[in-house]
Number of protein chains: 2
Amino acid sequence: MNGKADILHRLRNEILNLELKPGTILSETVLSERFQLSRTPLRDILKQLAHEGYIHVYPKRGNVVSYIDLESVEQIIYLRSTLEKELIKNLASQQSPLSIQGVMKLNEILSRQEACIQQEDAHAAFLQLDDQFHKGLFEWAGRGFLWELIQQSNAHYERYRRLHMLQKEKLKVILAEHRSILSCITERRIEPIDELVIHHLREDIHTPYLRENFAEYLKT
Amino acid sequence: MNGKADILHRLRNEILNLELKPGTILSETVLSERFQLSRTPLRDILKQLAHEGYIHVYPKRGNVVSYIDLESVEQIIYLRSTLEKELIKNLASQQSPLSIQGVMKLNEILSRQEACIQQEDAHAAFLQLDDQFHKGLFEWAGRGFLWELIQQSNAHYERYRRLHMLQKEKLKVILAEHRSILSCITERRIEPIDELVIHHLREDIHTPYLRENFAEYLKT
DNA sequence: ATTTCGAAACTTGTATACAAGATTGGGTTT
DNA sequence: AAACCCAATCTTGTATACAAGTTTCGAAAT
């Protein structure tokens, strides 16, 4: 099946992978030939991608894969760190006993991240598990709705993160911080949470790593 | 001019006003006759409204004005209260001196809210100024981006708020709280902010006012 | 009276022709 | 050689015909 949803996912992934690099022109007619679909439904798909920030539409001129906007990345990181430190504190200070399933589910994810670190070439899998961990926290706190809301504006942050995480030594740090966060919840320690979450999400936004190595993908 | 943007705004407003009540069917053909525009661009508009939560699309069956989803309202209120208490604390604890313009702009808004309370029939104006005040806080803290992001998911919260604020005695309380928030910032008092913001945004979500008086507009 | 069936009349979804703005490139003018 | 202009050819935007589900409603069968 070559349904609209599949094509949308496919284009989204190609942009996230950088198979479609920032600046690439996405012409409706070219895409309609590629996917054997007429322009009308393809326009719907492009509208959606534009709404999520994956492409930029120049009226009557064309559609271009958007350049990574570090300003947007910083705003999303602020949003996420603010929200996550709040909801993690909510979990840790919750009166009723914590659900065993919640803890086990997150521990399972962390084990699989551990396994990824051993393997070569498990970067993509590690990042996917990273998302699952954070999504799990949102859902555990009853805030899955807000996770989904943030995902709708993730085109810049997600590409930033993938490039940023190419620095391999970071993976171990991330995993360790995940363990710390989870232990804060289970052991009801509120006090370290703010610093922990801020360090986990905000630490590296200021490093010049991206500007030095991937300037051609960045919005000027 | 009957551009697409105008029609979008118009439909959005009619839904927010409850001129178009939850459950109303929005047929593409009917709308295309009303606005003298063909179905293709109208579909774009409906897609946008659907994305923002104003309408619900039943595939191959039709488009219906969405019922107010109190769950979505609660989630947005949690998001806003969490974010706003953080960014207001950021403003209040900022090292550099506060910009005079920022303070004056917000004070001007509060004066106009004061004026609205005197008049009859200035409900709509009061609510608009309420938005301007909160938007002003976001922008002052350098977070206008996040304000706009939240606005994209405001279909339920905005209708909730308009109905909720019909309780007239609330307006004075709101204005007083706005003044308190602003004074916390200018006088650098961090400590009361959390409670103040939570009270301001979350206080009334639990009251049964809407369920009793406007059950026919609510999602079941 | 009740159920069942099916055609007609709806709905949105897709393909395609045409409109109209934007760009490009070559030939003319200066 | 440089500037200009206009036509050809891109692009997206719009209108419309047609496809394909869904519902409705009445007639026929039980």
Side-chain angles (χ1 to χ4, degrees), chain A residues 1-12 14-15 19-67 69 152 155 216-217 219-220, chain B residues 1-12 14-15 19-67 69 152 155 216-217 219-220:
Chain A
M1 168 77 168
N2 233 13
K4 280 167 72 172
D6 296 313
I7 295 174
L8 177 60
H9 284 125
R10 196 160 156 187
L11 287 173
R12 233 193 318 239
E14 290 181 6
I15 293 173
E19 292 172 46
L20 290 171
K21 298 190 194 313
T24 305
I25 293 170
L26 293 184
S27 144
E28 294 177 2
T29 55
V30 170
L31 290 174
S32 80
E33 287 175 13
R34 171 175 168 195
F35 293 113
Q36 295 293 312
L37 193 65
S38 76
R39 280 180 56 219
T40 309
L42 258 168
R43 279 175 67 77
D44 292 347
I45 294 169
L46 290 172
K47 272 266 166 61
Q48 180 66 25
L49 290 173
H51 186 87
E52 296 174 17
Y54 287 89
I55 67 177
H56 186 81
V57 176
Y58 295 92
K60 299 242 182 187
R61 291 199 284 152
N63 312 298
V64 170
V65 176
S66 65
Y67 288 88
D69 177 12
Q152 291 177 359
E216 77 266 31
Y217 298 151
K219 182 174 172 187
T220 54
Chain B
M1 169 75 170
N2 235 13
K4 279 167 72 172
D6 296 313
I7 295 174
L8 178 60
H9 285 124
R10 197 160 155 187
L11 287 172
R12 229 190 323 237
E14 290 181 6
I15 293 173
E19 291 171 46
L20 290 172
K21 299 191 194 312
T24 304
I25 293 170
L26 293 185
S27 143
E28 293 178 4
T29 55
V30 171
L31 289 174
S32 79
E33 287 175 14
R34 169 174 168 195
F35 293 114
Q36 294 293 313
L37 193 64
S38 76
R39 278 180 57 218
T40 309
L42 258 168
R43 278 175 67 77
D44 292 347
I45 294 169
L46 290 172
K47 272 266 167 61
Q48 180 65 25
L49 289 173
H51 187 88
E52 296 175 17
Y54 287 89
I55 67 178
H56 187 81
V57 176
Y58 295 93
K60 299 245 183 185
R61 291 200 283 152
N63 312 298
V64 170
V65 176
S66 66
Y67 288 87
D69 176 13
Q152 292 177 358
E216 76 266 30
Y217 297 152
K219 183 176 173 187
T220 54

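Here is the naming used below: chain letters follow the sequence lines, and residue numbers restart at 1 for every chain. Computed over heavy atoms, backbone and side chain alike; hydrogens, waters and symmetry mates excluded.
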**Asked** Is the closest side-chain heavy-atom distance between I55(A) and I15(A) below 4.5 Å?
**Response** yes
**Message:** What residues from residues 35-49 of chain A pass a heavy-atom cutoff of under 4.0 Å to DNA chain C?
**Reply:** L37(A), S38(A), R39(A), T40(A), P41(A)
**Request:** Test D44(A) against D44(B) for side-chain contact (heavy atoms from CB on, under 4.5 Å), laying out the working first.
**Result:** CA-CA 8 Å; D44(A) 292 347; D44(B) 292 347; 4.3 Å; yes
**Request:** Give a yes/no answer on whether the side chain of N63(B) brings an N or O atom under 4.0 Å of OP1 or OP2 in dT12(C).
**Result:** yes
**Request:** Can you tell me the distance, in whole Å, between the OH atom of Y58(A) and the C1' atom of dC10(D)?
**Result:** 17 Å
**Prompt:** Among K60(A), R43(A), R34(A), which residue meets the salt bridge (charged side-chain N to carboxylate O under 4.0 Å, His left out) test with E28(A)?
**Reply:** R43(A)
**Message:** What I'd like to find out is whether the side chain of R12(B) reaches to under 4.5 Å of the side chain of L49(B), using heavy atoms alone.
**Reply:** yes
**Asked** I25(B) has an atom CD1; how far is it from atom P of dT11(C), in whole Å?
**Response** 9 Å
**Request:** To the nearest Å, give me how far apart NZ (K4(B)) and C1' (dT14(D)) are.
**Result:** 9 Å
**Asked** Rounded to whole angstrom units, what separation is found between the NE2 atom of H56(A) and the P atom of dT11(D)?
**Response** 18 Å
**Fill in**
Which of I45(A), V57(A), L20(A) passes side chain to side chain contact (heavy atoms under 4.5 Å, CB included) with L26(A)? It is L20(A)
**Request:** Figure out the NZ/C1' separation between K60(B) and dT12(C), and round it to whole Å.
**Result:** 6 Å
**Request:** Indicate the atoms forming the closest heavy-atom contact of L37(A) with L42(A), along with that distance.
**Result:** O-CD1, 3.9 Å
